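What you see is a predicted model, and the numbers here were worked out from it, not measured in a lab.
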Amino acid sequence: MKRYIGAVVLGLACFALGATFQRFYDARKAAEAARAARPVPEIAKDHGVVAPPPIQFEHEPLWAYGFDTRPAPGDKAQPQAPPNRNLRPNEDAGEQTRPRHVSGSKAAYSLVDVRDGQNVIDWFPSDHPSMPSVVAHGPARLAEKTRGCGSCHLPNGKGRPENAQPGGLPVPYFMRQIQDFRNGLRHTADPRKPNTNTMVDLAKAMTDDEVRAAAEYFSAIKYTPWIRVVETERVPKTKISGNLFLPIEQERTEPIAGRIIEMPENVEQAETLRNPHSGFVAYAPVGSIKKGQDLVTTGGMRVVGNEIIQGKSTPCITCHGLDLMGVADVPPIAGRSPSYLVRQIWDIQQGTRNGAAVQLMKMAIAKLNEEDLVNIAAYVSSRPPRALRVESRLTN
């Protein structure tokens with residue numbers, strides 16, 4: 001009986017929130033056209049980002065941002081240098097220029113080629129549609145300072161823990177994120193993280209045609225399993241390079257300490273060669289997946305006796321779907337990077353990620369603490385993404 005009552009209540013709550021979301025969505029669509037022509041400062045002011053509240057760095061999930069210490073006052077990211085084909089003086093020239101290969105690919109690239117983000121390497125071109133120029137070479141307006149979308153997010157759109165995974169995202173959602181970057185509505189809560197600033201610069205340089213070309217390209221790609229979630233009490237010792245955890249030993253000797261530590265399955269393949277077939281492993285605390293399932297599917301709601309105890313969050317499945325593969329232009333989240341997921345939640349909590357569609361998320365996640373974020377990410381990332389019909393991702 002208790003389970004029945006709980007299911008009914010959850011169903012009603014989901015229905016109510018769904019109706020609210022639809023009204024919010026319809027109202028947002030009507031207002032977006034009017035906002036589009038307004039100056040950026042006015043748009044940002046609408047969303048309360050001109051004077052955001054102080055960031056609560058004492059609660060920052062450092063692991064999600066690729067740091068192991070909290071920022072000091074005044075810390076900020078240094079601009080990332082644009083990619084180039086220059087030989088590195090501290091490395092052997094022959095090693096940098098000799099052709100490399102990866103299993104299953106007919107291509108051959110040198111390390112110079114791999115590092116040349118203005119001409120994105122493509123180990124497996126049959127995995128995806130033909131890359132548009134902006135994905136392969138970057139926004140044309142930036143000239144020698146440009147970089148292709150695929151250099152960071154990979155040609156298959158699966159991305160890496162330190163950035164986003166655009167593969168399989170709905171076209172309207174993708175395009176809205178670029179607009180939010182352009183309009184000052186999306187920043188990183190940790191001022192030391194450099195690639196968010198790079199993304200802002202790229203978004204501002206992209207033409208509308210380039211934005212749509214990238215959106216339709218990545219939307220057409222099927223997002224397949226990429227991350228293996230392993231519950232454990234200990235993890236391998238790591239070093240941090242470019243906000244990415246890299247293992248320095250295989251044995252698990254370091255306490256996980258309530259974090260999720262995401263690292264390449266094979267450092268040479270994923271980091272040195274940028275092999276898009278070589279994924280990542282995410283080590284999570286023991287029991288986190290089950291705890292996360294509760295929050296994701298019920299919001300933590302309980303039925304005690306005949307009393308319904310409200311949970312601390314709206315179930316994620318309400319908007320992201322029972323399979324967490326998204327609804328309409330709400331993004332799919334199943335199987336995505338736990339580091340990325342937690343960064344976005346914390347950015348929203350801290351007021352550095354805004355925009356019309358974020359407002360419902362703010363309400364849903366307001367009461368979540370650091371442990372909740374770990375548990376939710378562990379569960380969501382452990383769920384296998386299922387195939388989506390390409391036609392449904394291309395609607396606008």
Side-chain angles (χ1 to χ4, degrees), residues 57-71 152 154 158-165 188-190 192-195 224-296 324 333-347 349 368-385:
F57 289 118
E58 66 273 18
H59 300 298
E60 179 182 359
L62 291 167
W63 57 268
Y65 291 84
F67 293 109
D68 54 11
T69 59
R70 305 199 183 282
C152 293
L154 304 181
K158 289 188 174 181
R160 292 153 52 88
E162 74 273 23
N163 55 54
Q165 303 84 52
T188 173
D190 193 312
R192 301 169 296 174
K193 196 167 191 303
N195 59 350
T224 54
W226 180 237
I227 297 157
R228 182 170 60 95
V229 180
V230 177
E231 291 192 340
T232 180
E233 295 180 349
R234 296 183 176 275
V235 298
K237 288 184 178 180
T238 58
K239 64 177 182 179
I240 298 174
S241 176
N243 303 115
L244 176 66
F245 286 91
L246 299 176
I248 56 177
E249 61 180 29
Q250 294 302 312
E251 187 178 356
R252 302 181 200 173
T253 60
E254 182 175 285
I256 195 166
R259 305 167 296 169
I260 294 178
I261 301 297
E262 194 172 357
M263 63 184 69
E265 294 271 19
N266 183 305
V267 173
E268 182 183 19
Q269 292 296 313
E271 179 70 355
T272 305
L273 300 178
R274 294 277 174 153
N275 180 353
H277 282 187
S278 185
F280 293 81
V281 56
Y283 293 108
V286 174
S288 58
I289 293 177
K290 184 175 181 180
K291 293 176 183 176
Q293 180 180 14
D294 180 46
L295 288 168
V296 169
L324 301 175
I333 55 176
R336 306 273 164 161
S337 163
S339 303
Y340 175 79
L341 293 173
V342 169
R343 282 200 305 274
Q344 301 319 301
I345 296 175
W346 206 70
D347 283 355
Q349 286 182 331
L368 298 176
N369 60 31
E370 295 173 75
E371 182 182 0
D372 296 330
L373 301 192
V374 167
N375 295 337
I376 287 172
Y379 175 73
V380 171
S381 298
S382 73
R383 307 313 301 156

Any chance you could measure [X], atom [atom1], to [Y], atom [atom2], to the nearest 0.5 Å?
| X | Y | atom1 | atom2 | result |
| --- | --- | --- | --- | --- |
| Ile260 | Ser381 | CD1 | OG | 6.5 Å |
| Leu295 | Lys290 | CG | NZ | 13.0 Å |
| Glu231 | Ile256 | CD | CD1 | 9.0 Å |
| Glu268 | Arg274 | CD | CZ | 14.0 Å |
| Lys237 | Ile261 | NZ | CD1 | 14.0 Å |

For [X], all residues meeting side chain to side chain donor-acceptor pair (under 3.5 Å), sequence neighbours excluded:
| X | value |
| --- | --- |
| Ser339 | Glu262 |
| Glu249 | Thr253 |
| Arg234 | none |
| Asn275 | Gln269 |

Could you go step by step and tell me if Tyr340 and Asn163 meet the side-chain contact (heavy atoms from CB on, under 4.5 Å) rule?
CA-CA 7 Å; Tyr340 175 79; Asn163 55 54; over 6 Å; no
Looking only at heavy atoms, which two atoms of [X] and [Y] are closest? And how far apart?
| X | Y | answer |
| --- | --- | --- |
| Phe280 | Pro161 | CE2-CD, 3.4 Å |
| Gly66 | Ile240 | O-CG2, 3.1 Å |
| Leu368 | Gln349 | O-NE2, 3.1 Å |
| Pro61 | Val342 | CG-CG1, 3.6 Å |

Run the side-chain contact (heavy atoms from CB on, under 4.5 Å) test against Glu371 and tell me which residues pass, sequence neighbours left out.
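Only Lys291, Asn369, Asn375 meet the side-chain contact (heavy atoms from CB on, under 4.5 Å) criterion with Glu371.
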For Tyr283, give me all partners under ring pair (Phe, Tyr, Trp, His ring centres under 6.0 Å), at least two apart in sequence or on another chain.
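Tyr283 satisfies ring pair (Phe, Tyr, Trp, His ring centres under 6.0 Å) with no residue once adjacent residues are dropped.
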Is any side-chain heavy atom of [X] closer than 4.5 Å to a side-chain heavy atom of [Y]?
| X | Y | value |
| --- | --- | --- |
| Pro71 | Asp190 | yes |
| Pro247 | Pro264 | yes |
| Lys193 | Asn243 | yes |
| Val374 | Pro285 | yes |
| Val380 | Leu341 | yes |
| Gln165 | Ser337 | yes |

Would you please name every residue forming a salt bridge (Lys or Arg N to Asp or Glu O under 4.0 Å) with [X], sequence neighbours left out?
| X | answer |
| --- | --- |
| Arg160 | Glu162, Glu271 |
| Glu254 | Arg259 |
| Glu265 | Arg228 |
| Arg383 | none |

Do side-chain atoms of Thr238 reach the backbone of Leu246 as a donor and acceptor pair under 3.5 angstrom?
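No, the answer is negative, given that no donor and acceptor are paired below the 3.5 Å cut-off.
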Could you list all the ring pair (Phe, Tyr, Trp, His ring centres under 6.0 Å) pairs where at least one residue sits in residues 234-276, not counting sequence neighbours?
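For residues 234-276: none.
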If you look only at pairs with a residue in residues 60-70, which of them pass as a side-chain hydrogen bond (donor to acceptor under 3.5 Å, both in side chains), with sequence neighbours excluded?
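For residues 60-70: Tyr65-Asp347.
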Val229/Ile289 under side-chain contact (heavy atoms from CB on, under 4.5 Å): CA gap, chis, key distance, verdict:
CA-CA 9 Å; Val229 180; Ile289 293 177; 4.0 Å; yes
